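To keep things clear, I will list the structure first and then write my remarks on it.
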Amino acid sequence: MTVGAGKIELVRRPDMVVNRDYVALLESCNLLDFDSLYHFRNGTTVKQIRDRSIIRMDVHTGTGNRIFYLKRHTAARPGLWDRLGNFFSGKRPSPGMFEFENICDFRNSGIPTVAPVAAGERKTGFCRYESFLITESFEPYLSLEHLIYNLPDRLKGPEGEKRKEELVKAVARLARQMHDRGFNHGDFNATHVLVGPENQNGNCPLALFDLQRMDRKKWLKTKWFIKILAELSFSMPEPLFTENDRVILFKAYKGISDLGLMDRLQIFLIRLKQQKIKHHTQKIMNRRKHTGR
């Protein structure tokens with residue numbers, strides 16, 4: 001299974017790095033250089049926006065078909081504040097390599113995520129880099145968002161309620177594990193939480209993906225906590241998820257069984273943040289409705 005944790009061994013090539021586990025496979029397909037990967041043309045476009053595209057790659061091997069996803073970033077020049085932020089934080093200048101390193105750091109720290117295959121960056125001008133990231137498909141995992149909107153019956157009824165409570169607690173513990181190890185996913189919501197098949201104990205393993213937005217400023221852990229629980233609460237909508245589910249989420253993150261005065265204040269702040277997210281999302285949707293963008 002490609003989703004998991006564990007140390008990634010890297011092989012460095014011109015303008016790119018490769019997960020050692022995939023070197024032989026890529027070489028057998030003549031895909032072991034920057035140009036052949038960045039300019040790969042035989043895939044299916046999954047997403048296309050102004051400066052980024054995602055391509056599904058069906059790679060045929062002697063043992064069967066493997067599905068990879070190529071996230072390709074055009075050579076857009078970052079703004080002044082982004083350049084200054086990258087300089088002071090030591091962040092890689094290209095989003096492809098930055099996300100690859102985040103995935104490796106997650107897995108090396110024991111936090112489950114997708115399998116990184118390769119990444120590359122190449123300078124094309126002053127502060128301009130074209131870059132890419134390739135990951136392997138996370139099947140049979142599916143996103144929590146997909147589960148909520150397409151398979152809601154799995155979270156209903158006596159068995160479903162029990163499954164939902166365990167799932168909410170597991171998501172909270174995953175968020176806490178991530179924060180305790182010094183990472184913060186900048187977009188931690190149901191879209192980016194992966195849910196695996198149930199194991200023998202009836203529990204579903206979890207993972208995170210889409211690590212392009214990552215924060216490592218440990219002194220902001222309190223802010224991380226408020227923002228992430230608000231994002232999760234917003235992305236786990238009623239009536240499937242209730243206020244009681246959100247309290248369970250809060251308690252599981254903090255590892256407590258009862259709410260104190262400070263806890264109730266933090267829940268209040270989370271609700272305020274959730275409302276801000278809701279209003280901001282509505283503004284974006286209204287703008288897209290009227291402008292088509």
Side-chain angles (χ1 to χ4, degrees), residues 1-4 8 10-11 13 15-76 94-104 106-107 112-122 129-151 185-187 189-197 205-214 235:
M1 190 173 291
T2 60
V3 174
I8 302 296
L10 302 180
V11 173
R13 304 275 298 175
D15 300 320
M16 60 182 284
V17 292
V18 184
N19 182 337
R20 184 178 294 278
D21 293 341
Y22 293 89
V23 170
L25 187 154
L26 293 177
E27 187 172 27
S28 69
C29 300
N30 296 316
L31 293 173
L32 202 54
D33 64 273
F34 184 98
D35 285 309
S36 64
L37 290 172
Y38 185 81
H39 298 292
F40 186 83
R41 299 301 181 197
N42 296 324
T44 303
T45 300
V46 176
K47 183 176 183 179
Q48 178 73 61
I49 59 177
R50 183 173 58 87
D51 58 354
R52 182 172 76 252
S53 61
I54 299 177
I55 311 295
R56 173 181 163 132
M57 303 169 62
D58 290 271
V59 179
H60 302 285
T61 70
T63 58
N65 191 53
R66 304 280 288 272
I67 301 172
F68 298 151
Y69 286 93
L70 164 66
K71 185 183 289 188
R72 183 164 51 210
H73 299 268
T74 59
S94 72
M97 285 296 292
F98 179 64
E99 186 171 1
F100 183 87
E101 291 178 350
N102 289 337
I103 293 172
C104 291
F106 256 50
R107 291 179 73 108
T113 184
V114 295
V117 176
E121 66 179 15
R122 185 160 59 189
Y129 291 83
E130 56 187 12
S131 66
F132 70 85
L133 164 72
I134 298 177
T135 56
E136 189 159 10
S137 171
F138 51 67
E139 295 177 353
Y141 279 64
L142 49 83
S143 73
L144 177 57
E145 180 182 54
H146 180 87
L147 179 62
I148 291 170
Y149 289 102
N150 296 285
L151 300 167
H185 192 302
D187 200 11
N189 53 46
T191 305
H192 300 131
V193 175
L194 298 177
V195 183
L206 300 181
L208 290 170
F209 81 113
D210 199 352
L211 305 183
Q212 186 175 330
R213 296 176 58 196
M214 185 63 58
S235 65

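Everything quoted here is computed from the prediction, not taken from an experiment.
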## Note on the structure
Closest non-hydrogen atoms of Pro112 and Leu206, given as atom of the first, atom of the second and distance, are CG-O, 3.1 Å
### Query
Is there side-chain contact between Asp51 and Ile49, with at least one heavy-atom pair below 4.5 Å?
yes
#### Entry: Student check: side-chain heavy atoms of Tyr129 and Met97 closer than 4.5 Å
no
#### Entry: Non-neighbouring partners of Arg52 that pass salt bridge (Lys or Arg N to Asp or Glu O under 4.0 Å), sequence neighbours left out
none
### Message
Is there a side-chain contact between Leu211 and Thr113 in this structure, where contact means two heavy atoms from C-beta onward sitting under 4.5 Å apart?
### Response
yes
### Message
Applying side chain to side chain contact (heavy atoms under 4.5 Å, CB included), can you list everything that pairs with Asp21, at least two apart in sequence or on another chain?
### Response
Asn19
### Task
Name all residues meeting the side chain to side chain contact (heavy atoms under 4.5 Å, CB included) criterion together with Asp15; count only those two or more places apart in sequence or in a different chain, and write none if there are none.
Phe34, Arg122
### Query
Going from CD on Glu101 to CG on Leu133, what distance comes out if it is rounded to the nearest 0.5 angstrom?
11.0 Å
### Query
Which atoms form the tightest heavy-atom contact between Ala190 and Ser235, and what is the distance?
N-OG, 3.0 Å
### Query
Any side chain to side chain donor-acceptor pair (under 3.5 Å) pairs touching residues 37-47, not counting sequence neighbours?
none
### Message
Would you say that Leu26 contacts Val117 through its side chain, given a criterion of any heavy-atom pair below 4.5 Å between the two side chains?
### Response
yes
### Task
Measure the spacing between CG of Leu70 and OG of Ser53 and express it to the nearest 0.5 Å.
6.5 Å
### Message
Does any part of the side chain of Pro205, heavy atoms only, come nearer than 4.5 Å to the side chain of Val3, both counted from C-beta?
### Response
no
#### Entry: Straight-line distance of Phe100 CZ to Lys71 NZ, nearest 0.5 Å
13.5 Å
### Message
Just verifying a value: how many Å separate Thr191 OG1 and Asp210 CG, rounded to the nearest 0.5 Å?
### Response
9.0 Å
### Message
If I compare all heavy atoms of Arg107 with all of Gly4, which pair ends up nearest, and what's the gap?
### Response
NH1-O, 3.3 Å
### Message
Could you report the tightest heavy-atom contact between Tyr22 and Pro116, atom names first, then the distance?
### Response
CE1-O, 3.8 Å
#### Entry: Val17 and Cys104: CA distance, side-chain angles, deciding distance, side-chain contact (heavy atoms from CB on, under 4.5 Å) verdict
CA-CA 12 Å; Val17 292; Cys104 291; over 6 Å; no
### Query
Which atoms form the tightest heavy-atom contact between Ala207 and Tyr141, and what is the distance?
CB-CE2, 4.3 Å
### Query
By side chain to side chain contact (heavy atoms under 4.5 Å, CB included), which residues pair with Glu27, not counting sequence neighbours?
Leu32
### Message
Using 0.5 Å steps for rounding, measure from the CG atom of Leu208 to the CD1 atom of Ile103.
### Response
11.0 Å
### Query
So, do Leu37 and Phe68 sit near enough that their side-chain heavy atoms are less than 4.5 Å apart?
no
### Within-4.5 Å side-chain heavy-atom neighbours: Leu194 and Val114
yes
### Summary
side chain to side chain donor-acceptor pair (under 3.5 Å) filter on Arg20, not counting sequence neighbours, yields Glu9
#### Entry: Between Thr2 and Glu136: side-chain donor-acceptor atoms closer than 3.5 Å
no
### Message
Measuring only between side-chain heavy atoms, which start at C-beta, is His73 closer than 4.5 Å to Gln212?
### Response
yes
### Task
State the CZ-CE distance between Phe98 and Met214, to the nearest 0.5 angstrom.
7.0 Å
#### Entry: Set of salt bridge (Lys or Arg N to Asp or Glu O under 4.0 Å) partners for Arg56, sequence neighbours left out
Asp58
#### Entry: Residues forming a side chain to side chain contact (heavy atoms under 4.5 Å, CB included) with Ser36, sequence neighbours excluded
Leu31, Asp33
